[in-house]
Amino acid sequence: MQLETVKDLDQLYTRAFQLIEEQKDNGAKTFGLATGGTMLPLYERIRNSSIDFSNCESVNLDEYVGLPKEHPESYLSFMTQQLFKEKPFKNSHLPNGEATNPEEEAKRYEELLQSLTLDFQLLGVGENGHIGFNEPGTSFDSETHVVDLTPSTRTANARFFESIDEVPEKAITMGIKSIMRAKYILLIAVGEKKRDAIKSLIDGNVTEEVPVTVLNNHSNVIVLTDLDF
Ligand SMILES: N[C@@H]1[C@@H](O)[C@H](O)[C@@H](COP(=O)(O)O)O[C@@H]1O
């Protein structure tokens, strides 16, 4: 794992953009994308650049279950607004959170992922160390599945909704194993709230209790953060 601390956020996102561009120039065709506040300045950078993804595919990590696609906080809406509208990919895939049978949908999404080669995966991290929506305790062998969101994750994400009651209770997420198949992973962690999660990652004690620590088992990970350790 390569850790890069960049104090200045403007420089941090410039570096993140540069790493994505480098991957694309090196032939990456399938990009795993992430949502969350951390990604907003990065997507803005991409929107304002001349990078062209029209020959690439994207797959997103996760989607809320039961939130209408057109809800502004669905991850499909987030991605459309922040990226796809201005920077379309040849195909963009997200789990369908409105599927009548979410378990079947998770299976379909996993099969789709396995039919692609995930060249690159962008990751944020939850305050409790979750990646995608793989909450603490998720098996490292997990593939795409339906999850019950923890109270701490629902509380953290409540800032995007009118009230916590509106935050969905379930989501479909790529599993830890699905994420670990990516050839190259870029994790971005900004702000003190992410300190405990990144500290656990750096300490190297790999445990399912802190999902992000699994990245110690991957040979091609870069962690970009504004935190000093
Ligand atoms: N499912 C997403 C994660 O993929 C993301 O990493 C996390 C952190 O979000 P933020 O960047 O807003 O802190 O939020 C959500 O739970």
Side-chain angles (χ1 to χ4, degrees), residues 6 9 12-13 16 20 31-46 58-67 71-79 81-83 92-97 102 106 109 113 118 120-138 142 144-161 164 166-180 182 185-201 210-215 221-227:
V6 185
L9 287 187
L12 183 147
Y13 286 106
I20 292 176
F31 288 80
L33 301 177
T35 53
T38 308
M39 301 305 157
L40 291 171
L42 175 59
Y43 291 150
E44 186 184 353
R45 252 327 109 134
I46 296 178
S58 72
V59 287
N60 260 78
L61 284 168
D62 45 18
E63 178 58 285
Y64 290 116
V65 166
L67 208 58
H71 189 288
E73 293 307 328
S74 78
Y75 285 169
L76 176 63
S77 293
F78 178 102
M79 292 307 302
Q81 290 309 317
Q82 299 302 324
L83 194 61
S92 282
H93 311 277
L94 282 94
N96 174 9
Y109 200 71
L113 293 174
L118 192 50
F120 171 91
Q121 180 65 56
L122 180 63
L123 284 184
V125 63
E127 291 169 33
N128 62 4
H130 73 238
I131 50 175
F133 268 133
N134 293 284
E135 297 282 23
T138 306
S142 56
T144 307
H145 60 290
V146 180
V147 287
D148 292 320
L149 299 177
T150 61
S152 90
T153 295
R154 292 186 68 234
T155 305
N157 288 3
R159 67 191 194 277
F160 299 117
F161 293 82
I164 187 155
E166 280 191 25
V167 185
E169 290 179 353
K170 288 178 188 289
I172 297 173
T173 183
M174 272 166 71
I176 305 263
K177 197 168 163 185
S178 336
I179 293 171
M180 291 290 279
I185 297 177
L186 168 61
L187 175 98
I188 306 180
V190 167
E192 283 302 322
K193 287 183 174 171
K194 307 296 170 74
R195 183 174 290 281
D196 290 351
I198 300 303
K199 173 95 170 56
S200 304
L201 171 61
V210 189
V212 71
T213 62
V214 76
L215 297 182
V221 176
I222 176 156
V223 178
L224 259 186
T225 181
D226 64 335
L227 298 165

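Note that ligands are numbered from 1 as they come in the structure, with each ligand's atoms numbered from 1 the same way. For the single chain, residues carry numbers from 1 onward in sequence order. Small disclaimer: the values here were computed from a predicted structure and weren't measured.
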Ligand 1 atoms in contact with [X] (distance to a heavy atom under 4.0 Å):
X	result
Asn157	15 (C), 16 (O)
Phe133	1 (N), 15 (C), 16 (O)
Arg159	10 (P), 12 (O), 13 (O)

Evaluate the side-chain proximity of [Y] to [X]: yes if any heavy-atom separation is below 4.5 Å, no if none is.
X	Y	result
Leu40	Phe78	yes
Met174	Leu118	yes
Ile176	Ser142	yes

Heavy atom of the protein closest to [atom] (residue, atom name, distance):
atom	answer
atom 11 (O) of ligand 1	Thr38 OG1, 2.4 Å
atom 5 (C) of ligand 1	Thr35 O, 4.0 Å
atom 1 (N) of ligand 1	Asp62 OD2, 2.8 Å
atom 8 (C) of ligand 1	Val125 O, 3.5 Å

Q) Within the structure, does His130 bring an N/O atom to less than 3.5 angstrom of an N/O atom in ligand 1? A)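 His130 vs ligand 1: N/O contact under 3.5 Å present.
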Q) Does any N or O atom in Gly37 lie less than 3.5 angstrom from one in ligand 1, N or O only? A)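 The answer is yes, given that Gly37 and ligand 1 share an N or O pair closer than 3.5 Å.
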Q) Does the Ser77 side chain pair with the main chain of Glu73, one donor and one acceptor, at a distance under 3.5 Å? A)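 No, Ser77 side chain to Glu73 backbone: no donor-acceptor pair under 3.5 Å.
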**Q.** Donor-acceptor contact below 3.5 Å, side chain Glu135 vs main chain Thr150
**A.** yes
Q. What's the spacing between Leu227 CG and Lys199 NZ if we round to 0.5 Å?
A. 12.0 Å
(Q) Would you say the ring centers of His71 and Phe161 fall short of 6.0 Å from each other? (A)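 Under 6.0 Å, so yes.
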Q: Give the single entry among Phe160, Phe78, Tyr75 that approaches atom 15 (C) of ligand 1 most closely by any heavy atom.
A: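 That would be Tyr75.
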Q: Kindly identify the option in Gly126, Gly132, Gly36, Gly124 whose heavy atom sits closest to atom 4 (O) of ligand 1.
A: Gly132
Q.
Please confirm whether Lys194 approaches ligand 1 to less than 4.0 Å, judged on its heavy atoms.
A.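 It does, in that a heavy atom of Lys194 comes within the 4.0 Å cut-off of ligand 1.
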(Q) Parallel, tilted or perpendicular, judged at 30° and 60°: which one describes the rings of Tyr64 and Phe133? (A) tilted
